[in-house]
Every structure is written in structure tokens, then in C-alpha cells.
Amino acid sequence: MGRRFIIFFAFALLVCGLTGSASAQEFLADAPVSSVEPAPAVFVPSRHEFGHRFWDKTNRSLFVAAAASNFGDFGVTRMNLQNGGRELNPVVRVFGHSTPALAMNFAGETAGAIGLSYFFHKSGHHRLERMVSIVDIGGSAGAVAFGLIHR
């Protein structure tokens with residue numbers, strides 16, 4: 001149940017990011033057009049307009065926390081599978097028969113969260129950029145708690 005929510009939420013974030021970019025471009029298309037063409041200007045965004053660097057302190061902290069929570073999720077999932085448990089997530093179930101494949105799945109989840117955050121950063125959606133890692137941390141922490149309770 002937790003993994004499905006994460007996948008749905010990541011998809012919703014992606015759709016919101018794409019929709020936000022399109023609406024910003026529509027706003028520029030409605031700008032008045034004058035009959036006199038101005039000389040082309042070079043626009044260099046200031047630090048305030050640009051936002052922040054992608055690898056700032058907050059993102060590094062969030063990515064380390066996401067990697068740690070995914071590592072914990074890997075450990076609990078592996079332990080439960082070795083003790084006769086079963087994987088409830090159908091996507092992860094494919095990788096559950098091999099420890100390296102399971103580790104690759106959770107590493108890919110971390111890399112995917114960082115990649116989606118970078119996409120939101122580049123498109124100017126800095127709140128969504130942070131939310132991707134927060135949702136990933138929450139989903140993995142919930143999976144760890146569920147796995148420890150039901151072992």
C-alpha cells in the first residue's frame with residue numbers, strides 16, 4: 001500500500017511540474033506586442049531569481065536521509081524475505097529472489113528520487129524538488145515500520 005502511494009504521488013508531482021511549466025509559458029504568450037521592435041537584451045538572472053544550487057546543504061541532507069531510509073527498507077525487506085515472509089509490492093517482488101537485485105532496486109529508487117528532484121529544480125519547482133525526497137523518506141520509513149511490526 002505504501003509503495004503504490006509513493007508511485008502515485010511521484011506521478012502526480014511529475015504531472016504538476018509539467019502543468020506548471022506549460023501555464024508559465026502561456027502567461028508569456030499573452031504579453032502585449034508592440035509595433036516597434038526593441039533591441040535584443042541579454043537577461044542574466046540574479047541569485048534571487050535563480051533560486052538555489054541543486055547540491056545545496058538542504059538537498060544533500062535530504063538525499064542522505066532518503067538513501068539511509070531506502071537502505072533500512074532494503075535491510076528489513078531482505079531480512080523478512082529470508083525468514084519466509086513475502087514482498088507485498090508487486091514491482092519489488094520481481095527483484096525479491098536475489099539480494100543483489102533487491103539492492104539494485106532500492107539504489108534505483110534513491111537515484112530516481114534524486115533525478116526527479118533535479119527535474120523539478122531545473123523547471124523551477126523548488127518546493128516540489130524538496131517534496132520528492134521527503135515523500136521518499138516517508139514511504140521508506142513507513143515500509144520499515146510495517147516490516148518490523150509484521151516480521
Side-chain angles (χ1 to χ4, degrees), residues 1-33 38 40-81 87-150:
M1 181 171 144
R3 295 271 186 219
R4 288 183 185 171
F5 175 76
I6 291 172
I7 292 170
F8 173 76
F9 192 78
F11 179 75
L13 288 175
L14 179 64
V15 169
C16 290
L18 293 176
T19 306
S21 297
S23 64
Q25 292 172 1
E26 290 172 8
F27 176 74
L28 293 176
D30 295 337
V33 178
V42 176
F43 176 72
V44 178
S46 67
R47 179 86 171 132
H48 179 69
E49 292 168 346
F50 182 70
H52 61 90
R53 291 183 172 199
F54 181 67
W55 290 104
D56 65 349
K57 191 173 189 177
T58 305
N59 269 350
R60 284 193 312 252
S61 300
L62 286 171
F63 296 152
V64 166
S69 63
N70 283 327
F71 180 74
D73 192 4
F74 161 73
V76 170
T77 301
R78 182 176 172 272
M79 178 186 64
N80 284 343
L81 290 175
E87 177 60 53
L88 300 177
N89 183 348
V91 175
V92 180
R93 193 177 302 144
V94 174
F95 301 105
H97 302 292
S98 165
T99 299
L102 191 63
M104 186 177 66
N105 171 66
F106 286 106
E109 184 179 333
T110 304
I114 294 171
L116 189 58
S117 292
Y118 185 73
F119 171 76
F120 285 137
H121 174 78
K122 281 302 194 183
S123 62
H125 297 86
H126 299 291
R127 288 184 183 166
L128 292 176
E129 168 190 351
R130 309 270 197 218
M131 285 303 297
V132 170
S133 296
I134 292 169
V135 168
D136 187 29
I137 293 165
S140 292
V144 167
F146 182 85
L148 290 175
I149 290 171
H150 295 94

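Computed from a predicted model, the values in this text were never measured in an experiment.
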Check whether any side-chain heavy atom of Val76 sits under 4.5 Å from a side-chain heavy atom of Phe146, and report yes or no.
-> no

Quick one: CG on Leu102 to CZ on Arg93, what's the gap to the nearest 0.5 Å?
-> 13.0 Å

When rounded to the nearest 0.5 Å, the distance separating CG of Asn59 from OH of Tyr118 is 12.0 Å

Just by modelled atom types, is the Ala66 backbone N or O under 3.5 Å from a matching donor or acceptor in the Ser69 side chain?
-> yes

Are His52 and His121 side-chain neighbours, meaning at least one heavy-atom pair lies under 4.5 Å?
-> yes

Could you grab the distance from atom CG of Leu81 to atom CZ of Arg78, nearest 0.5 Å is fine?
-> 9.5 Å

Show your reasoning for whether side-chain contact (heavy atoms from CB on, under 4.5 Å) applies to Thr110 and Phe71.
-> CA-CA 9 Å; Thr110 304; Phe71 180 74; over 6 Å; no

Minimal heavy-atom distance between Pro100 and Ser98, with the atoms involved, is CD-OG, 3.1 Å

Does Phe120 reach the side chain of His126, with side-chain heavy atoms less than 4.5 Å apart?
-> no

Could you list the residues that satisfy side-chain contact (heavy atoms from CB on, under 4.5 Å) with Ser117, not counting sequence neighbours?
-> Phe54, Phe63, Glu129, Val132, Ser133

State the CD-CG distance between Glu87 and Asn105, to the nearest 0.5 angstrom.
-> 8.5 Å

By salt bridge (charged side-chain N to carboxylate O under 4.0 Å, His left out), which residues pair with Arg130, not counting sequence neighbours?
-> Asp56

Which value, rounded to the nearest 0.5 Å, describes the distance between Ile114 atom CD1 and Asp136 atom CG?
-> 9.0 Å

Gap between atom CE of Met79 and atom CZ of Phe74 - 0.5 Å precision | 12.0 Å

